[in-house]
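This report refers to the structure that appears directly beneath it.
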2 protein chains.
Amino acid sequence: MSPANPNAEKSPVLESGAVPQGGSASPGGTSRLRVAVPSVATRVATELRLQIAEGALPPGTKLKEEALSDELGVSRNTVREAFAELASERLVVRQPNRGVFVASLGVTDIHDVYTVRRAIEVSAVRGGGSPERIAAVRAAVEEGKHAAAAGDSEGLGSANQHFHGALVALASSERLDTIMSQVLAEMRLFFHKAAVDGGFYQDYLADNEQICQALEAGDTELAAERLLSYLDRSEEHQTAVHTS
Amino acid sequence: MSPANPNAEKSPVLESGAVPQGGSASPGGTSRLRVAVPSVATRVATELRLQIAEGALPPGTKLKEEALSDELGVSRNTVREAFAELASERLVVRQPNRGVFVASLGVTDIHDVYTVRRAIEVSAVRGGGSPERIAAVRAAVEEGKHAAAAGDSEGLGSANQHFHGALVALASSERLDTIMSQVLAEMRLFFHKAAVDGGFYQDYLADNEQICQALEAGDTELAAERLLSYLDRSEEHQTAVHTS
DNA sequence: GATATCCGGAACGTTCAACGATTCAGCAAT
DNA sequence: ATTGCTGAATCGTTGAACGTTCCGGATATC
């Protein structure tokens with residue numbers, strides 16, 4: 001029956017999201033001169049990803065596929081596919097016959113995530129990178145400084161993410177980039193609780209500066225060392241916040 | 001039609017595949033005392049994964065979802081979900097409106113994969129591990145020796161995969177394990193062509209032994225160094241084989 | 001004869017409706 | 001208080017349908 005969907009403006013959320021994210025780790029991996037608009041399922045996934053990242057869907061929230069299906073104006077099957085995408089990124093967990101829930105990470109998960117970060121970021125920094133990539137790191141540092149000057153703690157957080165994303169981008173590895181972007185997405189899951197702590201962002205700005213300087217000086221070993229100590233300190237801080 | 005499928009039953013492939021793989025990085029991540037039988041889509045995915053790994057579905061093969069749907073006796077939607085799972089592991093690539101194909105990796109992909117391996121494996125080795133984990137590494141080494149003694153080149157390859165899997169298992173990181181298992185799955189994609197080369201497996205057996213000994217001696221730095229040189233040599237070999 | 005255009009089939013993307021299976025909550029029975 | 005049952009809600013899976021996109025071949029044109 002065609003009249004079932006008379007083009008009603010049911011899905012304002014979806015139509016707006018036509019933004020082609022130029023991020024380093026876009027999931028449309030087979031981009032070989034192809035204009036193809038992202039699939040509907042993909043758009044649903046990015047929308048949910050966004051809502052999870054900004055805290056609109058706090059960890060533990062149950063995502064009912066039927067509710068979402070008609071809230072977004074898409075079929076239940078499509079929502080299901082979006083769930084599969086998010087589940088592969090560990091942003092949601094699927095419990096058979098019970099539903100999908102926004103992932104909520106425990107202390108062990110925090111340690112786990114930082115283990116991955118230590119492996120990937122340190123390795124990328126050790127290998128150094130082209131001047132352009134290092135310039136991108138510098139740009140992220142400056143972005144953080146500007147955000148700090150403007151008192152924009154929101155922008156400060158994302159600048160930090162850009163910084164660490166730029167670090168792994170040094171390796172020029174497509175796979176490493178996607179892994180890192182997923183890890184960063186996971187970190188946003190428990191960043192909301194940590195954001196309340198004000199004295200946190202101050203010192204790592206200096207850390208980033210130090211790391212960047214070491215990189216620009218060509219001393220990748222020193223940069224790696226500083227990064228490692230930063231990661232250890234950051235993990236310690238996060239675990240402290242989440243063991244209340 | 002599948003080439004090696006004498007059993008013309010409706011869905012022989014699926015019913016047989018009830019094997020619970022005890023691997024370190026089973027994809028059913030939320031397994032916390034839950035008996036739940038894997039979803040049908042998951043079973044289809046593992047079946048396809050297996051056929052891809054053993055070369056029954058060579059890279060570049062087009063996977064028609066309708067053909068697979070009635071060959072496996074499941075719905076087209078289910079096959080679709082299995083595709084999503086495999087696509088998230090980079091085992092297949094989706095080309096919009098054209099279909100999914102078994103991933104075929106080029107030289108740049110080889111370098112990329114080895115970049116990930118360098119990051120993950122070296123980091124895990126550097127961090128050392130509990131005696132039990134090191135014992136698992138030793139077990140993988142012995143498994144390789146036995147396979148070599150028996151002239152089983154098939155078992156030799158899988159033993160090597162177990163070895164490197166055991167290396168990252170040193171870090172006791174769930175996420176690192178799954179990443180590594182996906183990387184190893186990707187490696188199987190271009191291992192078939194390299195398997196013809198006979199003189200390849202000989203030397204890395206000694207390498208594994210050396211790495212393991214360094215680990216057992218507690219010299220993680222030496223182990224990491226040896227591993228790194230092995231990975232470089234292995235990448236060189238693989239690229240040489242694949243630039244014919 | 002070579003190039004361009006058009007057209008039909010094949011496969012994919014998405015939707016819809018339905019049925020069985022599983023889980024949970026509440027209530028009844030012991 | 002514990003156990004067992006019943007029913008509602010939701011998930012898992014299926015099947016069919018329609019529009020869209022892509023590919024290959026036939027036709028038309030130069």
State whether B:E186 and A:R175 are salt-bridged, where the test is any N-O pair (Lys NZ or Arg NE/NH1/NH2 against Asp/Glu carboxylate O) under 4.0 Å.
yes

A:N77 CG to D:dG12 P, in whole Å, measures 11 Å

Just wondering, are more than 12 heavy atoms of other shown residues or ligands nearer than 6.0 Å to CD in B:E54? yes

Rounded to the nearest 0.5 Å, the CG atom of A:L50 sits from the CG atom of A:L57 at a distance of 10.0 Å

Using a distance-only criterion (donor-acceptor N/O pair, under 3.5 Å, no hydrogens), is the base of C:dG13 paired with the side chain of B:R76? yes

Whichever of A:K62 and B:A41 has the more 5' nearest nucleotide on DNA chain D, that residue is A:K62

Regarding the side chain of B:R98, the nearest nucleotide among C:dG13, D:dC23, C:dT23 is D:dC23

Whole-Å distance, A:L72 CG to C:dT15 P, equals 10 Å

**Report entry** Under-3.5 Å donor-acceptor pair between A:R80 side chain and D:dT13 base
**Finding:** no

Quick note, A:T78 side chain, CB onward, closest among D:dT10, C:dT15, D:dG15 is C:dT15

OG1 of B:T78 to CD of B:E65, rounded to nearest 0.5 Å, is 11.0 Å

Between CD of B:E66 and P of D:dG15 the distance, given in whole Å, is 12 Å

B:L68 CG to C:dA11 P, in whole Å, measures 12 Å

- Query: Is A:S39 near enough to C:dT14 that one of its side-chain N or O atoms lies under 4.0 angstrom from OP1 or OP2?
  - Reply: yes

Here the distance between atom C1' of D:dT10 and atom CZ of A:F83, to the nearest Å, is 12 Å

note: B:K64, atom NZ; C:dG13, atom C1'; distance rounded to Å ~ 18 Å

- prompt: Looking only at atom types and distance, does a side-chain atom of A:S123 sit under 3.5 Å from a main-chain N or O of A:I120, one as donor and one as acceptor?
  reply: no

Separation of C:dA21 atom C1' from A:Q95 atom CD, nearest Å, is 17 Å

To the nearest angstrom, the CD-P distance between A:E65 and C:dT14 comes to 16 Å

